[in-house]
Amino acid sequence: MSAPSTAAATSAPTGIKRWWNSWVSPWRLKSMGILGMNCRNHDFIATYNPRSLFPLVDNKLKTKLLAEEYEVATPKLFFVVHVQHEIATIENKLMELDAFAVKPAKGSGGKGILVIIGRKGDKFIKSSGAEITIEDIKRHMTNALAGLYSLGGKPDVVIVEDLIQFDDYFKDYSYEGVPDIRIIIFKGYPVMAMLRLATHKSDGKANLHQGAVGVGLDIATGRALKAVQHSKPVTHHPDTKRALNEIQIADWRNWLLLASKCYEMTGLGYIGTDLVLDKVRGAQLLELNARPGLAIQVANGRGLLPRLRHVESLKARMHRTAEQRVDYAMKTFTAEGL
Amino acid sequence: MKKPSRAPFYVVIGLLMVVGLTTAWMRHHQMEIPFTPGVQKPVWLIEARIDFDATGEPVTARLGLPDDPPGYRSFIEQAAAPGYGYSVVSENGVRRGEWSKREAVGAQTIYYKTQFIEVDSTGAAPAPFDVPKPVHVDWDGPSQETAAQQVLDTAYAKSSTPQSLARELIKLFNSETLDQNSALLLSAQTEKSILLEKLINQAGIPARPALGLYLEDARRHQSLTRLVQVFNGEQWVLFNPYTGEQGVPENLLLWHTGGESILDVAGGNRSRVSFSMIHQTVPALDLIKAQYKESVFSVLSIQHLPIEEQSMFKLLLLLPIGALVVVFMRIIIGLKTSGTFMPILIAMAFLQTSLVLGVVSFVSVVAIGLVLRTYLSRLNLLLISRIATLVVLVIFIISVLSLVGYQMGLNTGMTITFFPMIIIAWTIERMSILWEEEGPKEVMVQGGGSLLVAILAYTLMQFSLVGHLTFNFPELNLVALALIMLMGQYTGYKLSELRRFRAMVDNANVGKLNDTSKGAD
């Protein structure tokens, strides 16, 4: 493997050679402990996430209500649109709101989320700066109700919630959007974390495959380990030019605790928690994902498997509370450790 | 949450494979269904022609028909005689075809056609139910009787069994220097087979005449050869009284056995029967259709359904192959498709059209649909009615394309109506959303992936071997099922992931933001 890469450094390989170099052997991936899609679906999602609990995370409304019940911090719910005719008079309800987020309850992968950051006369200003009318919002809600963004096109409800006032700390790290922190929680243990920074390319969305920057975070310290955009390493934010190595999440243990509590809350063994930092209210749970993606491994530059297998090997009830689990994880899953 | 043992799963997989393969093999073996399409089997087409002059009275013509002759199996028989009623009757264990007509005058011709396949005559013919008894023999005068007795004594002394007795007698009649007694007998009865039969019966051993047909390709006006069957205590043994040959020769078809006449015609005279035959090949599958209707294995044969249902099954039984391709492409290769099984339906549509025409019309229908859909999105319709609108539009697009194709002289243009319209409407809807949200690149990736999988599935399904196997051996779909289930247990990397995670190898030593070896502070 090292031979072709040195050749690549000296003379630009072309054609077949370059094509061949764009592949990696499965044994190499295995030795790096990288979790593949099939393995994730079979060994973790199918094994640890009972089907009956999926609605708790697939439906953002349920997640929100559950989070309130378990006192997990989450953005305030303004109101819910259940049926089509409520949309006709939606202006009245939106009147008093300046900034808000419209989300389909069953939307997946950030689909159908409309973020309004302010108003300008009759127009609403999207996070990208584009101006839209109330009609656009109504159409968006109509689509969402009809199930356009939900899995399998099932009818849906729309939730309108408080917009995160994002903390100044991330101001220079994110472009036109709220940065969020994805923490994978396996059996209650935080196993891997990354910070997702929106870019101009990603249209204010924090999705890695749309061009957001993913910054791997050290579970032990909350410091940045590595950053990638479109799987390529970066050292500075492409839009704000801020150096990413300075990132150190404040109050890191609290973030992990918040995420870890979601295990008790949902009963799901393998989840991705999406957290954001609010200026006033601190870390907030934005949503949960029962099928968290694999890109977090690229952002961290390491595979998930060794940590997952380690947690599997732990004795049941070895750590009873979220605090115990988080402390154990911070001790074990260090940058140079497991 | 303990992981359940995988052993029962693999047992089920193994069982499915074994059941599928053994059933297929047994059906291949028992019913001779070929494993490859287009296998031809040699058959003998034999035509018996009966001619007689009708006298104007009611006519009944009866012809002895072959009944399970050793070494051959009949699979089709038909009679052709205009104006005659026809039925097959069984009398004293002899099959006869009976033609009847109320009134007939002049020369009459009746054809009886039958086809035989050569089979391995395994073992001996089954023993008759009642042990036959020798018939009483009368000779023409005392001199004949004495001669017969003396010939019999000579042969009897040299033999030990019914077979050897028959052989000795045939030898005596066929020797170059006939002895006096044989010559006397032969002068009175020139037909050696009758003489032989009489003598053996006189010796107290049952014997009966048999009529055989020597099969030679493209022969006409052949007649039956008279032979003798001798009962050896267990079964009938055939002898050729001219050559002394024992047993049924390979090219001999035993047409008729027993004392009854082969042909009798009431209401006509100058009746005769002659045979013509031809050696031909027919598709092996046609043979299966015509036989084994009662076989246990034929329950699994779709060939016995009406043609209309058969063609439906032909398509239906290809579906598992398509599903197998989709599962393989998605789990092992990791190709993205739009809609899980949409590619199969598209592939099925390609089977009805043709590949190039199918791809061209599919792409153009979807492209036109996407253009129209961008206008629809401005109308702010509810999802359901938007999909329904798309369905109607897709039908219009397809109709217009068909008509244009037809006007241009492309008859095949009509076949694009086979496309699953609802599925296409949904595909357009999803792709349009995808376009808005993720950009045209993702549309190309997913659309191209779907098309690629559809083309692959089509390529596999249109192989005549695949169609032949799934249709004639439906049980082989159990093997496909086992493979699909097996792939459901695959937890290794997808091929696409070997590329996707290449970056991790490249990034392994670069791009570290903090030198963690110093430790956190």
Is it the side chain or the backbone of [X] that comes within 4.5 Å of chain A heavy atoms, both, or neither?
X: I331(B); value: both
X: E429(B); value: side chain
X: I387(B); value: neither
X: R430(B); value: neither

Would you check if I34(A) and E497(B) make a side-chain contact, meaning some heavy-atom pair closer than 4.5 Å? no
Is any side-chain heavy atom of N143(A) less than 4.5 Å from a side-chain heavy atom of R386(B)? yes
Around atom OH of Y10(B), are there more than 12 heavy atoms from other residues, nucleotides or ligands closer than 6.0 Å? yes
Can you tell me if CZ on F463(B) sees more than 12 non-hydrogen neighbours from other groups inside 6.0 Å? no
Heavy-atom closest pair, residues [X] and [Y]:
X: L495(B); Y: W23(A); result: O-CZ3, 3.3 Å
X: M37(A); Y: K494(B); result: CG-NZ, 3.4 Å
X: T491(B); Y: C39(A); result: O-CB, 3.2 Å
X: L29(A); Y: F501(B); result: CD2-CB, 3.5 Å
X: A503(B); Y: S231(A); result: CB-O, 3.3 Å
X: V24(A); Y: V505(B); result: CG2-CG2, 3.6 Å

Region of [X] that comes under 4.5 Å of a non-hydrogen atom in chain B:
X: A316(A); result: neither
X: E246(A); result: neither
X: R302(A); result: backbone

First locate atom [atom1] of [X], then atom [atom2] of [Y], and finally report the distance between them rounded to the nearest 0.5 Å.
X: Q297(A); Y: R500(B); atom1: CD; atom2: CZ; value: 8.0 Å
X: R502(B); Y: S25(A); atom1: CZ; atom2: OG; value: 9.0 Å
X: M504(B); Y: K226(A); atom1: CE; atom2: NZ; value: 7.5 Å
X: K232(A); Y: D506(B); atom1: NZ; atom2: CG; value: 8.0 Å

Out of K30(A), E135(A), R40(A), which one racks up the most heavy-atom pairs below 4.5 Å with chain B? K30(A)
Top contributor to chain B interface from V215(A), T334(A), L294(A) [non-hydrogen pairs under 4.5 Å]: L294(A)
